[in-house]
A.B. asks: 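Below is one structure. I have some questions about it.
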Amino acid sequence: MKINLQTFGPFRTLGENIELEMREGEKISSIRGELKKYIKKHHPSFANIKLINSSHFANESEILAEEYILAEGDIITIIPPVAGG
Amino acid sequence: MGEIFVDIYPIDKKPLNIMEGLNFVSKAPNGAEILFIGTVRILNQGKKVLAVSYDVFTPLAKNSFLQIAKETQEKWGDNLDIYIVHAKGRLNVGGISIIIGVGSPHRDEAYRASRYIIEQIKHRSPIWKLEHYENGDSEWSKGCELCTGEYKVNGQFDE
């Protein structure tokens, strides 16, 4: 199944949206591995790949738990370390 | 019951306005109004900064502001008036990136609430800054890993 990953901050250079192919029933935490594979394939010179490990995932209203089960068509946003204020 | 206003302003369309924040929290029951104003500073970690571009996941950022404002009322009184607006877009040095206003009957709650709000935003709100330097380079600020709950501070305002 396909999920749509929105990017912000340091991940913006990968494109505003990334389509990832995930297996049905996978937890949201498994996006990290898929995203690393995607970056190595499509953006091998991307310098901030380590930020994936310190990133969280969210939808428009809340931060999602690591156990959240992905569903077809989910729009998920990756939240790297924040720096507001 | 105090009122809450939270928003993200795209600075090319709507620059942040100090008087708007002050007017929102200045009400007859309040004897203390605090404004915290965050601005772009010229030096960061030894590098001369020309400007900062703020990237914001707007719906979640507004949600986080609202949640933080409600927590603040729970801690220091539901009669607090709270105004939180953050900028989105590119700001030159001196530009205002955030305004936090708190109106309260008494100053102690206003000071504590204002400090609580800015510390929580820095750790919990989905906002990122790209610093533009004098030498032409740009770099994303390192920031801190998102806290998924209340950010605990070992300070006098954390009770």
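None of these values were measured; they are calculated from a predicted model. Reminder, nothing fancy here: chain letters follow the sequence lines and each chain counts from 1.
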A.B. asks: Identify which part of I118(B) has an atom lying under 4.5 Å from any heavy atom of chain A, answering side chain, backbone, both or neither.
C.D. replies: side chain
A.B. asks: So which of T58(B), L60(B), T39(B), N63(B) has the largest heavy-atom pair count under 4.5 angstrom toward chain A?
C.D. replies: L60(B)
A.B. asks: How far does CD of Q67(B) sit from CD of E71(B), to the nearest 0.5 angstrom?
C.D. replies: 5.5 Å
A.B. asks: Strictly below 4.0 Å, N to O, side chains only: are K2(A) and E72(A) in salt-bridge contact?
C.D. replies: no
A.B. asks: With only heavy atoms counted, which part of F57(B) is less than 4.5 Å from chain A, the side chain, the backbone, both or neither?
C.D. replies: both
A.B. asks: Within the structure provided, determine whether L91(B) and I11(B) are in side-chain contact (heavy-atom separation under 4.5 Å).
C.D. replies: yes
A.B. asks: Quick check on K142(B) against chain A: is it the side chain, the backbone, both or neither that has a heavy atom closer than 4.5 Å?
C.D. replies: backbone
A.B. asks: Run the salt-bridge test on E109(B) and R112(B) with the 4.0 Å N-O cut-off and return the result as yes or no.
C.D. replies: no
A.B. asks: Side chain, backbone, both or neither: which part of S54(A) has a heavy atom under 4.5 Å from chain B?
C.D. replies: both
A.B. asks: Has I69(A) got more than 12 heavy atoms of other residues, nucleotides or ligands less than 6.0 Å from its CD1?
C.D. replies: yes
